[in-house]
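Quick notes on the structure that follows.
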Amino acid sequence: MTAQLTAPDPVEIPEWTHADRRAVDVAKGLAIDAVEAAGHGHPGTAISLAPAAHLLFQKLLRHDPADPTWEGRDRFVLSCGHASLTLYTQLYLAGYPLALDDLKALRTEGSATPAHPEYGHTPGVETTTGPLGQGLANAVGMAMAARRERGLFDPDAEPGTSPFDHTVWVFASDGDLEEGISHEASSLAGHQRLGNLVVLWDDNRISIEDDRAVASSEDVLARYRAYGWHVQQVDWTATGGYAEDVEALHRAMAEARDRSDRPSLVALRTVIGWPSPGKQDTGAIHGARLGAAEAAATKVLLGLDPDRTFQVPDEVLAHTRRATERGARLRAHWQREFEAWQKAQPERAAEHARISQRKLPRDWHRALPRFEPGEQVATRRASGEVLSALASVLPELWGGSADLAGSNNTTMRGEPSFLPDEHATAAFPGHRYGRTLHFGIREHAMGAILNGIALHGGTRPYGGTFLVFSDYMRPAVRLAALMRLPVTFVWTHDSIGLGEDGPTHQPVEHLWALRAIPGLDVVRPADAGETVAVWRALLERADRPVGLALTRQDVPVLDRGPHGGLAPADLAARGGYVLAEASGGEPQVLLIATGSEVAIALAARRILEDERIATRVVSMPCLEWFADQDQEYRDAVLPPQVSARVSVEAGSALGWYALLGGAGQAVSIEQFGASAPYESLYRRFGITPERVAAAARTSVDRARRSAR
């Protein structure tokens, strides 16, 4: 075992006193009463995990209830978000800005205690959890971010001496470890040797369908050992009865915290809902209230008044609120270390201040690349050039790919890989503080890990795969949107334009499926110029995720100079803009296109203009950004009086009809693709200038007829 990364808690109190025992009983009673009051919820795990939660929040976790966002804090993730009362009761008892009335309002409209913990809603909640396994994967991202930030700001400090050293703690359930995402994330965590990650697995062997034996019989501990984790087991049923041996759990968790050579799993064998006399160790207590009689009987066993609810004796609250004093001392100790670091490292301190606030350096955009008109450049390659160009000016920007780096163009040239030294290769040299991420073939975990990186601090993560595989990561993408995280998902091979790989790899329905996620910006640039512009725009925003849909095939770099007649690419930041104006400035028809189909729309415009049909081409790289513009601007781009409209996109037309209106036509693909050269596929499916021109004529005719 190597030296610990997390500094020892200078005020840690390892003794487990009668006051601690009473506080645990009170926490169990609060969990019972909150679910009874709501009429629904998940009391069982919150009851049986109360001793572990109290131990963590009162004796092990480095936190300050008076400052929930203190940078030097440990992170705690309740991956089993259905057991939200495990967290809520500890936040209240420790002195976070959460009142007893908030526990009484569990799962009610507008309360600070929603059914599952929600990031940004309740102080002390580090991430939105509920979908099982997501929190565990977020925690892996947090642990990776902590290591990256230490490498940026204090790489030479001895283990345990840096203000950037802290622990990421996780409570996980059987369900978390059954979900496939946990396999992906845990495997990567072991490979990365994340010694700052500690997971407590609540091994209670009960799920909604009662005994998990009906669905699971694997050796979880062997699995985690095979991943390369440090594994310990604490069994509260080992005596044949049930004994909450908190001292044994404390020793195991402290040992896990003090490991720095690998992540740690502490398997805690519990009985769900103990000591409920009639429902413990059953599925009945997992996801439903106990009922009045069972609640009263359990309170008697806990030494609580069965006729009272939400009992918090003054002496118990006084004891648990000592966490605020402990937290103040911990924070003051850290602050002294941090200020000493700032004094010793003024340049790094200035960079840290900027990055932690997600501010961009002055004139950073001057590093962005330029592309010559007439070149043929796939937007995936243009994106890669942007990343490499920004490497030296934006150290906070980092990421990689799910084993598709060469295809996604997600590797910054010359930047080392983020991995333990022993895992570096000739193709990807690197070290533990590197920059290029290798997620392996783990798309779902990649999405959730990126979320965890963003949640941890100021760095800006990105991750790449093929657009068709966004299906594998959709739950994590949805949560990124829900939490408004500045994560960039780089999705390449965005249409039938990837050609011979065939229908399994050709996204048809994906763009609109992703656009259906509220709060996700889906951006499909037309050429290299737009690719540069949208990267600049998304980096200037820090309040929502972005999905970049990029081409495999080359597309022309549009001539936006004085002789090209096309609008500047910078206008792509507005989501949609007039790329090519109709002759005379009064369009008869609008061609609205995205991505690689913009060039096709421009070719169709030439056909139509030769026929004296005044045609405007609108490039629409991001419908969400366009919707953010004021009505005057949107009407200027898409004049309401021009009802002849054609959308052009090599995918489903599902959502385009909202812009097309009754006279509009969609040039789209409403079936799966095929395996053939992409030029043949575009002809086969009618994504051609001639087809677009024909659709425009039809739309113009329809508009004329409807105007009569």
Side-chain angles (χ1 to χ4, degrees), residues 75-83 116-119 126-145 168-192 194 197-203 207-208 212 215-216 218 220 223-224 226-229 263 265 267 399-404 437-456 461-466 468-483 485 487 489 491 513-514 517 520 545 547:
R75 306 306 198 265
F76 172 68
V77 174
L78 182 71
S79 193
C80 44
H82 59 277
H116 299 93
E118 296 179 17
Y119 172 71
E126 300 281 6
T127 181
T128 297
T129 55
L132 291 171
Q134 291 285 332
L136 175 55
N138 290 165
V140 173
M142 292 176 184
M144 292 168 68
V168 180
W169 301 87
V170 183
F171 280 8
S173 64
D174 290 322
D176 287 293
L177 300 195
E178 288 178 24
E179 285 284 2
I181 187 174
S182 77
H183 298 248
E184 295 183 19
S186 298
S187 172
L188 185 58
H191 179 77
Q192 284 286 352
L194 297 176
L197 176 65
V198 178
V199 176
L200 183 141
W201 167 36
D202 179 26
D203 178 18
S207 61
I208 291 175
R212 78 164 190 251
S216 178
E218 68 186 30
V220 173
R223 173 158 68 95
Y224 272 80
Y227 291 150
W229 287 52
L265 177 75
S401 173
D403 198 52
L404 290 167
L437 290 167
H438 302 282
F439 294 100
I441 306 161
R442 303 181 180 100
E443 292 90 350
H444 194 180
M446 177 177 72
I449 288 169
L450 293 172
N451 291 349
I453 292 171
L455 285 161
H456 185 271
Y462 64 85
T465 188
F466 292 170
V468 75
F469 299 138
S470 64
D471 283 344
Y472 282 162
M473 54 195 303
R474 187 181 178 89
V477 174
R478 183 177 186 271
L479 284 169
L482 187 62
M483 291 186 277
L485 301 178
V487 175
F489 303 106
W491 292 316
L514 291 163
I517 298 176
L520 174 67

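Counting begins at 1 with the first residue of the sequence. Since the structure is predicted, the reported quantities are computational estimates derived from the model, not experimental observations. FYI, side chains are in, hydrogens and waters are out, and symmetry mates aren't considered; it's all heavy atoms of this structure.
Inter-residue side-chain proximity for Phe171 and Val77 is flagged as unmet; no heavy-atom pair is nearer than 4.5 Å.
Of all heavy-atom pairs spanning Gly141 and Ile453, the tightest one is O-CG1, 3.3 Å. The two residues Ala480 and Phe489 make their nearest non-hydrogen contact at CB-CZ, 4.0 Å. The two residues Ala143 and Leu194 have their closest heavy-atom pair at CB-CD1, 4.0 Å. Leu188 and His438 make their closest contact through CD1-O, 3.7 Å (heavy atoms, listed as atom of the first residue, atom of the second, distance). Across every non-hydrogen atom of Ala476 and Gly447, the tightest pair is CB-C, 3.5 Å. Here the closest non-hydrogen pair linking Ile517 and Ala481 is CG2-CB, 3.8 Å.
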*Decide yes or no on side-chain contact (heavy atoms from CB on, under 4.5 Å) for His82 and Ser173, but give the supporting numbers first.*
CA-CA 10 Å; His82 59 277; Ser173 64; 4.0 Å; yes
*Dump the intermediate steps for side-chain contact (heavy atoms from CB on, under 4.5 Å) on Asn138 and Ile449, then the final yes or no.*
CA-CA 5 Å; Asn138 290 165; Ile449 288 169; over 6 Å; no
*Mind running side-chain contact (heavy atoms from CB on, under 4.5 Å) on Asp176 and Ser182 for me, showing each step along the way?*
CA-CA 6 Å; Asp176 287 293; Ser182 77; 5.5 Å; no
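Between the CZ atom of Phe439 and the CG atom of Asp403 there is a distance of 12.0 Å, given to the nearest 0.5 Å. Annotation: the span from Leu520 atom CG to Arg474 atom CZ amounts to 8.5 Å, rounded to 0.5 Å. In this structure, Met446 CE and Ile441 CD1 are separated by 11.5 Å, a value rounded to the nearest 0.5 Å.
Proximity of a side-chain donor or acceptor of Trp229 to a complementary backbone N or O of Ala189 within less than 3.5 Å is not detected. Here the side chain of Thr128 pairs a donor or acceptor atom with the backbone of Tyr119 at under 3.5 angstrom. In this structure a side-chain-to-backbone donor-acceptor pair under 3.5 Å is missing from Ser79 to Ala172.
Just one of Glu184, His183, Glu179, Gln134 meets the side-chain hydrogen bond (donor to acceptor under 3.5 Å, both in side chains) condition when paired with His444; it is Gln134.
Under a cut-off of 6.0 angstrom, the local environment of OH in Tyr227 is crowded, with over 12 non-hydrogen atoms contributed by other residues, nucleotides or ligands.
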